Trainee: 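Okay, here's the structure, questions in a sec.
The first residue of the sequence shown is numbered 1, and numbering continues consecutively from there. All figures in this text were calculated on a predicted structure; none of them were measured in a lab.
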Amino acid sequence: MDIQKIREDFPILSRTVYGKPLVYLDNGATTQKPRMVVDSLVNEYYSVNANVHRGVHYLSQQATELHEASREAVRRFINARGVSEIVFTRGTTESVNLLASSFGEEFMGEGDEVIVSVMEHHSNIVPWQLLATRKGIRLKVIPMNDRGELLLDEYEKLFTERTKIVSVTQVSNVLGTVNPIKEMVRVAHAHNVPFMVDAAQSVPHMKVDVQELDADFLVFSAHKMYGPTGVGVLYGKEEWLDRLPPYQGGGEMIQHVSFEKTTFNELPFKFEAGTPDYIGTTGLAKAIDYMNAVGMERIAAHESELTAYALERLRAIPDMRMFGEAAERGAVISFLVGNIHHFDLGTLLDRLGIAVRTGHHCAQPLMQRLGVEGTVRASFALYNTKEEVDALVAGIERVRRMF
């Protein structure tokens, strides 16, 4: 890939921070946006803006066509069987909350179980805990080894006749571990249990095919894949979505309303109450177009090479502690250096123009398993370079000498 040409598509990458060139290595939190995505948002607001689905006038029809074309773009991107399986939400977090609420309401009662893993983001823990408070369900946790790999033998032992769903991340946002989701889905299905995949950290970096995985549900966010904030996706097999009750009530998700009874709309609109972010979904479609133009295989290869280079350089730093040594890993590296507090290291790197994430990364149970309060995290995207890795290493060395 011509990385310099790609970088020109992201205007923010040319700015300075504290008089230093920006080195943006916080892509696990959110990615920067290419010009074509931002331009699409501006253009739609200025030329096509009208509420979707409800209007017979030209602008409404045009906006609706763009919104539904975006749904088709998502369907193709993850290889869903039909657009009825693509539900637009505000992000990964709302997608998980939607599923936990609707699935839990319909299929779970006191004593029933959901299986999650020790490396889950809080957004795939807390919604199930809220369900546990309301309905008395139990969370069962897949453990991991010291390399940051889930213990599949222990995973299979967690299933009982009360297990109703499994909900696991495809890629850890802390360790970078790529979990063997296809095999884990197979095990769950052998027990007649559906499986939800948190793909927030995988969809931007690798080809994700829901039919190949045989996932029953899959969730992700636009803003982590070069798209706008406030837009996400819940994929669900049609046979499952048909059986779930609505998450919210209001306009759009209904067919007929009377004071005696309401009947609900067809899929996927049953789960999309109110006016959707139809501008944002166009931005998501443009982000997908951008990623497809670069090529998911090329993105994965570039990020793999960059991560390997970063691991090699970082391991050479004295007193470096890195977390996660899974054989299959994504473009995320979490680390500590000596006794330097992660907040101090991140703050001083920021003064050098280097943006990294510090803290528990919304994964406090995983931090407890690792025996730390938090880490520094560098996470890469398609526009990052080896020169930026060199800048990170030089910055860490400089901070280390200060301490």
Trainee: With rounding to the nearest 0.5 Å, note down the distance linking NZ in K286 to CG in D39.
Mentor: 10.0 Å
Trainee: Kindly compute the distance separating CG (L98) from CG (L244), expressed to the nearest 0.5 Å.
Mentor: 8.0 Å
Trainee: Using the side chain to side chain donor-acceptor pair (under 3.5 Å) criterion, which residues pair with N173? Sequence neighbours excluded.
Mentor: none
Trainee: Please name the residue in the list E388, E387, K386 that meets the side chain to side chain donor-acceptor pair (under 3.5 Å) test with N384.
Mentor: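 Of the listed options, the one satisfying the test is E388.
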Trainee: Could you pull out the closest heavy-atom pair between A287 and M225, with the gap in Å?
Mentor: CB-O, 3.4 Å
Trainee: Is it the case that more than 12 heavy atoms not belonging to F403 sit under 6.0 Å from its CZ atom?
Mentor: yes
Trainee: Would you say that more than 12 heavy atoms from the other residues, nucleotides or ligands in this model lie under 6.0 Å from the CD of E239, or not?
Mentor: yes
Trainee: Give the C-alpha distance, both sets of side-chain angles, the deciding distance and a yes or no for side-chain contact (heavy atoms from CB on, under 4.5 Å) between D350 and Y18.
Mentor: CA-CA 8 Å; D350 178 54; Y18 300 116; 3.2 Å; yes
Trainee: Around atom NZ of K33, are there more than 12 heavy atoms from other residues, nucleotides or ligands closer than 6.0 Å?
Mentor: yes
Trainee: How many angstroms lie between atom CZ of R321 and atom CD1 of I340, to the nearest 0.5 angstrom?
Mentor: 11.0 Å
Trainee: Is there a donor-acceptor contact under 3.5 Å from the side chain of K207 to the main chain of E297?
Mentor: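 Checking the backbone N and O of E297 against the side chain of K207, no donor-acceptor pair under 3.5 Å is found.
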Trainee: Give the minimum heavy-atom separation between V337 and I396, together with the two atoms involved.
Mentor: CG2-CG2, 3.7 Å
Trainee: Without hydrogens or angle criteria, can the side chains of N97 and Y247 be said to hold a donor-acceptor pair below 3.5 Å?
Mentor: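 Note: N97 and Y247 side chains miss the donor-acceptor criterion.
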Trainee: Return yes when atom CZ of R138 has more than 12 non-hydrogen atoms of other residues, nucleotides or ligands closer than 6.0 Å, and no otherwise.
Mentor: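 12 or below, so no.
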Trainee: Enumerate donor-acceptor pairs with a distance under 3.5 Å from any side-chain N or O in residues 63-70 to protein atoms, sequence neighbours excluded.
Mentor:
unit_1, atom_1, unit_2, atom_2, d
T64, OG1, H53, N, 2.7
T64, OG1, S60, O, 2.8
H67, ND1, T281, OG1, 2.8
E68, OE1, R71, NE, 2.8
E68, OE2, H53, NE2, 2.8
E68, OE2, R71, NH2, 3.1
S70, OG, L66, O, 3.0
S70, OG, T281, O, 3.1

Trainee: Between the side chain of S221 and the main-chain N/O of H223, is any donor-acceptor distance below 3.5 Å?
Mentor: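 Side chain of S221 to backbone of H223: no pair is present.
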Trainee: So, K182 side chain and A215 main chain: donor-acceptor pair closer than 3.5 Å or not?
Mentor: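 Such a contact is absent between K182 side chain and A215 backbone.
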Trainee: For the pair H360 and H122, name the ring-plane relationship: parallel under 30°, tilted 30 to 60°, perpendicular over 60°.
Mentor: tilted
Trainee: Measuring from atom OH of Y383 to atom CZ of F10, what distance do you get when rounded to the nearest 0.5 angstrom?
Mentor: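 Y383 OH to F10 CZ: 6.0 Å, rounded to 0.5 Å.
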Trainee: On the ring face of F107, is K164 found with NZ or CZ under 6.0 Å from the centre and within 45° of the axis?
Mentor: no
Trainee: Drop me the distance from T169's OG1 to I181's CD1, to the nearest 0.5 angstrom.
Mentor: 7.0 Å
Trainee: Does any non-hydrogen side-chain atom of V174 lie less than 4.5 Å from one of M367?
Mentor: yes
Trainee: Backbone N or O of N27 within a donor-acceptor pair of the T31 side chain at under 3.5 Å?
Mentor: no
Trainee: Give the minimum heavy-atom separation between R329 and V178, together with the two atoms involved.
Mentor: C-CG2, 3.6 Å
Trainee: Distance-only, no hydrogens or angles: does the Q201 side chain make a donor-acceptor pair with backbone N or O of G176 under 3.5 Å?
Mentor: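 It does not hold such a pair.
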Trainee: If you count every heavy atom of other residues, nucleotides or ligands that lies below 6.0 Å from R147 atom CZ, does the total exceed 12?
Mentor: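 Yes.
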Trainee: I'd like to know if the side chain of S304 reaches the main chain of A301, judged simply by a donor and an acceptor atom lying under 3.5 Å from each other, with no hydrogens or angles considered.
Mentor: no
Trainee: For I354, run the side chain to side chain contact (heavy atoms under 4.5 Å, CB included) check against V399, L348, V23 and tell me which one passes.
Mentor: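 With I354 as partner, side chain to side chain contact (heavy atoms under 4.5 Å, CB included) holds for just one option, V23.
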Trainee: So which heavy atom on G283 is nearest to which on S40, and how close?
Mentor: CA-OG, 3.8 Å
Trainee: When you check the gap from the basic side-chain N to the acidic O, do D26 and R377 get nearer than 4.0 Å?
Mentor: yes
Trainee: Crowded around E328 CD? As in, over 12 foreign heavy atoms under 6.0 Å?
Mentor: no
Trainee: Are the side chain of T16 and the backbone of G19 linked by a donor-acceptor contact shorter than 3.5 Å?
Mentor: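 Not a single qualifying donor-acceptor pair exists.
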Trainee: Quick check: does any side chain N or O of S102 sit under 3.5 Å from a backbone N or O of L99, one acting as donor and the other as acceptor?
Mentor: no
Trainee: Which heavy atom of H342 sits nearest a heavy atom of E373, and at what distance?
Mentor: NE2-C, 4.3 Å
Trainee: Any non-hydrogen side-chain atom of M184 less than 4.5 Å from a side-chain atom of L152?
Mentor: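 SC-SC contact between M184 and L152 confirmed.
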Trainee: Whether the side chain of K237 engages the backbone of A80 through a donor-acceptor N/O pair (distance < 3.5 Å, no angle test) should be reported.
Mentor: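 A pair under 3.5 Å: no.
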Trainee: Given F271 and L234, is the side-chain contact (heavy atoms from CB on, under 4.5 Å) satisfied, shown in steps?
Mentor: CA-CA 10 Å; F271 297 104; L234 165 65; 5.8 Å; no
Trainee: In terms of side-chain heavy atoms, does S123 have a donor or acceptor partner in T92 at a distance below 3.5 Å?
Mentor: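 Not at all, the side chains of S123 and T92 share no donor-acceptor pair under 3.5 Å.
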Trainee: Using atom types as modelled and distance alone, determine if a side-chain donor or acceptor of T375 lies under 3.5 Å from a backbone N or O of S334.
Mentor: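 Not at all, since once roles are kept as given, no pair shorter than 3.5 Å links the two residues.
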Trainee: Enter the distance from R298:CZ to H302:NE2 here, rounded to the nearest 0.5 Å.
Mentor: 11.0 Å
Trainee: CD of Q61: more than 12 outside heavy atoms within 6.0 angstrom?
Mentor: yes
Trainee: For R90, is the CZ atom crowded, meaning more than 12 foreign heavy atoms sit under 6.0 Å from it?
Mentor: no
Trainee: Looking at E154 and K140, is there a salt bridge between them, counting it only when a charged N and a carboxylate O are closer than 4.0 Å?
Mentor: no
Trainee: With salt bridge (charged side-chain N to carboxylate O under 4.0 Å, His left out) as the test, would you mind laying out the steps for D390 and R313 before giving the verdict?
Mentor: CA-CA 8 Å; D390 293 339; R313 294 287 332 263; 2.7 Å; yes
Trainee: I want to check something: taking the side chain as every heavy atom from C-beta on, are V168 and V116 in contact at a cut-off of under 4.5 Å?
Mentor: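 No, their side chains stay 4.5 Å or more apart.
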Trainee: Would you name the heavy atoms of E149 and A327 that are closest together and state the gap between them?
Mentor: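 Result for this residue pair: OE2-N, 3.1 Å.
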